[in-house]
Amino acid sequence: MLWLSKHKNVMANLLYKAISFIPLFNRNKRWSNTMGQYNLITYCLKHKAAMCGAIQRFLFHYEMLEKNRYQHLVGVSVDLKKLIFEQLLEKSKSASDLKACTELCGCRADRVLKTAAKCPDCINKEKLAKQQHESFGAVEREFDQPVTENAKCIYKISEENRKILQESVEVEFDQSILLWHIATDLCHYSDQQNSTGTNPVDNDSNCEVSKLLSDYMLYLLVMRPIMLPNRIEQIRFQDTSAEAIEFFQERKSICEEESQACIKLLEVNTEISPSIVKGDRSKSVLFDGCRLAKSLKSLEPQKKWELLCHVWVEILCFAATKCRWNHHAQQLSRGGELFTHVWLLMAHLGITEQFQISKGHARAMLVVH
């Protein structure tokens, strides 16, 4: 390990990183206050076959070495900690009994979409409708014109766009992570491209937090799939990556950077559902993610990033509650993952299916499934 750490070359760095993940060599028991990051578009743009000799092939599985090349760690920001705590504190107000806790723990961002705040225009519309019962239809026709850009809430966008948002949180969990990861990246780089320097979203912490959580959840999907809910498979990630790599290679001269790649993806016509176009030939969700991004882009930037960061926090919390307790315990013995600490915070706030506090007693009971 000492020799590897002193030799600065690509192969030595890869070996050092891979060995560091073996518990025997990882003696740090405290949380590093960092979170893993893995980005699909970066991976697909820079993807090249790893140079792997006979010794490396014998010691490590080729795929593990390849995946390790594209992950990295970043510090957990104060803004992220604050957002998670505030969201969980708000959730805890609804955790009145086991049934309520079960419902909260089972939310996969659908709760965010259902409880999204209405803008003043929508509130006024409802008030006007109540005052004019006899002309309710006229009021609906007057106010229900969908907004295609800078909508102040999701109730102002088209029914089709709302349907796309809703369906994205009802599909299988790994598919949902990939869809929102792709959409977050496309929105992020699109906003950067259109930035004027005076845009209030330029310094929006929700944008930064959304990007961190998006890359973190993909990191868990790719590098720690055992910690996510059951039946998480790599096939959807592999098919999506393969389609993205092919797309970027065909446009190699104009897709050298992440921002350029995202702009090109957004230019693809997705009016017809990609699943209808490709059928069952592939499990790729690349262009479904593009479709979701376009639906999100109909919101004004600040509302869009507010929605995105709330969706990611709920996805994170869902994953934390559905991870088996023994996997959390194993992570804690090595310092812990971010979402293991989120799981403990949820338990502390009473948002859990695994701990119950009986009335009249101050002791928590662990429920092992």
Trainee: L316, I226: one ILVMFWY side-chain cluster at the under-4.5 Å cut-off?
Mentor: yes
Trainee: So, for V171 and S176, which heavy atoms are closest and what is the spacing to 0.1 Å?
Mentor: CG2-N, 3.8 Å
Trainee: For the atom pair CG (L292) and CG (D288), what is the distance rounded to the nearest 0.5 Å?
Mentor: 9.0 Å
Trainee: Is there a path from L213 to F85 through hydrophobic residues (I, L, V, M, F, W, Y) whose side chains come within less than 4.5 Å of each other?
Mentor: yes
Trainee: So, do W305 and L299 sit near enough that their side-chain heavy atoms are less than 4.5 Å apart?
Mentor: no
Trainee: Output, in order, the C-alpha distance, side-chain angles, deciding distance and verdict of side-chain contact (heavy atoms from CB on, under 4.5 Å) for K211 and D185.
Mentor: CA-CA 7 Å; K211 188 75 169 67; D185 254 20; 3.0 Å; yes
Trainee: Do the side chains of L307 and K304 get nearer than 4.5 Å, heavy atoms only?
Mentor: no
Trainee: Does a salt bridge link E314 with K91, judged by any charged N lying under 4.0 Å from a carboxylate O?
Mentor: yes
Trainee: Please check if atom NZ in K81 has more than 12 non-hydrogen atoms from other residues, nucleotides or ligands closer than 6.0 Å.
Mentor: yes
Trainee: Between Y155 and A116, is there a donor-acceptor pair closer than 3.5 Å when you use the side chain of the first and the backbone of the second?
Mentor: yes
Trainee: Measure the shortest side-chain to side-chain distance between D110 and C107 over non-hydrogen atoms and say whether it is less than 4.5 angstrom.
Mentor: yes
Trainee: Are any of the side-chain heavy atoms of H181 and D215 separated by less than 4.5 Å?
Mentor: yes
Trainee: As an exercise, state the distance from CZ of R224 to OH of Y216, rounded to the nearest 0.5 Å.
Mentor: 9.0 Å
Trainee: State whether E267 and K264 are salt-bridged, where the test is any N-O pair (Lys NZ or Arg NE/NH1/NH2 against Asp/Glu carboxylate O) under 4.0 Å.
Mentor: yes
Trainee: Atom CD1 of I177 and atom CG of L228: how far apart are they, to the nearest 0.5 Å?
Mentor: 5.0 Å
Trainee: Could you grab the distance from atom CD of E90 to atom CD1 of I351, nearest 0.5 Å is fine?
Mentor: 10.0 Å
Trainee: Same cluster or not: are V112 and V342 linked, directly or through other Ile, Leu, Val, Met, Phe, Trp or Tyr residues, by side-chain heavy atoms under 4.5 angstrom apart?
Mentor: yes
Trainee: Do any N or O atoms from the side chain of Q37 and from the backbone of L212 form a donor-acceptor pair under 3.5 angstrom?
Mentor: yes
Trainee: So, for A261 and F248, which heavy atoms are closest and what is the spacing to 0.1 Å?
Mentor: CB-CE2, 3.5 Å
Trainee: K283 and D239: which non-hydrogen atoms are nearest, and at how many Å?
Mentor: N-OD2, 3.0 Å
Trainee: Do T184 and W312 get their side chains close enough for a donor-acceptor pair, meaning under 3.5 Å?
Mentor: yes
Trainee: Taking side-chain contact (heavy atoms from CB on, under 4.5 Å) as the criterion, tell me which of I164, N161, T270 meets it with K294.
Mentor: T270
Trainee: Can you see whether K46 engages N39 through a side-chain donor-acceptor pair at a distance of less than 3.5 angstrom?
Mentor: no
Trainee: Do P301 and N150 make a side-chain contact, defined as non-hydrogen atoms from C-beta onward lying under 4.5 Å apart?
Mentor: yes
Trainee: Could you check M35 against L80 for side-chain contact (heavy atoms from CB on, under 4.5 Å), going step by step and ending with a plain yes or no?
Mentor: CA-CA 11 Å; M35 56 196 293; L80 177 54; 3.6 Å; yes
Trainee: Does one hydrophobic cluster hold both I263 and L186, with members joined at side-chain heavy-atom distances below 4.5 Å?
Mentor: no
Trainee: Enter the distance from M346:CE to T321:OG1 here, rounded to the nearest 0.5 Å.
Mentor: 5.0 Å
Trainee: Does a side-chain heavy-atom distance below 4.5 Å link L221 with F173?
Mentor: no
Trainee: I would like to know whether W180 and V169 meet side-chain contact (heavy atoms from CB on, under 4.5 Å); could you show each step before the answer?
Mentor: CA-CA 9 Å; W180 284 90; V169 298; 3.7 Å; yes
Trainee: Does F339 form a side-chain contact (heavy atoms from CB on, under 4.5 Å) with H328? I'd like the steps, not just the answer.
Mentor: CA-CA 9 Å; F339 91 144; H328 280 304; 4.1 Å; yes
Trainee: For S284 and S282, test the side chains for any donor-to-acceptor distance below 3.5 angstrom and give the result as yes or no.
Mentor: no
Trainee: Do the side chains of V74 and Y38 join up, straight or via other hydrophobic residues, at under 4.5 Å, putting them in one cluster?
Mentor: yes
Trainee: Mind checking whether S94 and L104 have side chains closer than 4.5 Å, heavy atoms only?
Mentor: yes
Trainee: Answer yes or no: does atom CD of E271 have more than 12 heavy-atom neighbours from other residues, nucleotides or ligands under 6.0 Å?
Mentor: no
Trainee: To the nearest 0.5 angstrom, please state how far the CZ atom of R236 sits from the CD atom of Q175.
Mentor: 4.5 Å
Trainee: Could R251 and F247 be counted as a cation-pi pair, given that NZ or CZ must be under 6.0 Å from the ring centre and within 45° of the axis?
Mentor: yes
Trainee: Minimum heavy-atom separation for G289 and L179, please, with both atom names.
Mentor: N-CD2, 3.5 Å
Trainee: Search all heavy atoms of Q193 against all heavy atoms of S259 and return the closest pair with its distance.
Mentor: OE1-CB, 4.3 Å
Trainee: Any chance you could lay out the salt bridge (charged side-chain N to carboxylate O under 4.0 Å, His left out) test for R291 and E160, step after step, and finish with the verdict?
Mentor: CA-CA 11 Å; R291 207 165 183 234; E160 177 64 22; 3.4 Å; yes
Trainee: Are side-chain heavy atoms of C187 and K297 found at a separation under 4.5 Å?
Mentor: yes
Trainee: With a 6.0 Å cut-off (strictly less than), is the heavy-atom count around CD of E170, excluding the residue itself, greater than 12?
Mentor: yes
Trainee: Check I41 against E258 and note the closest heavy-atom contact, atom names and distance.
Mentor: CG2-CG, 4.1 Å
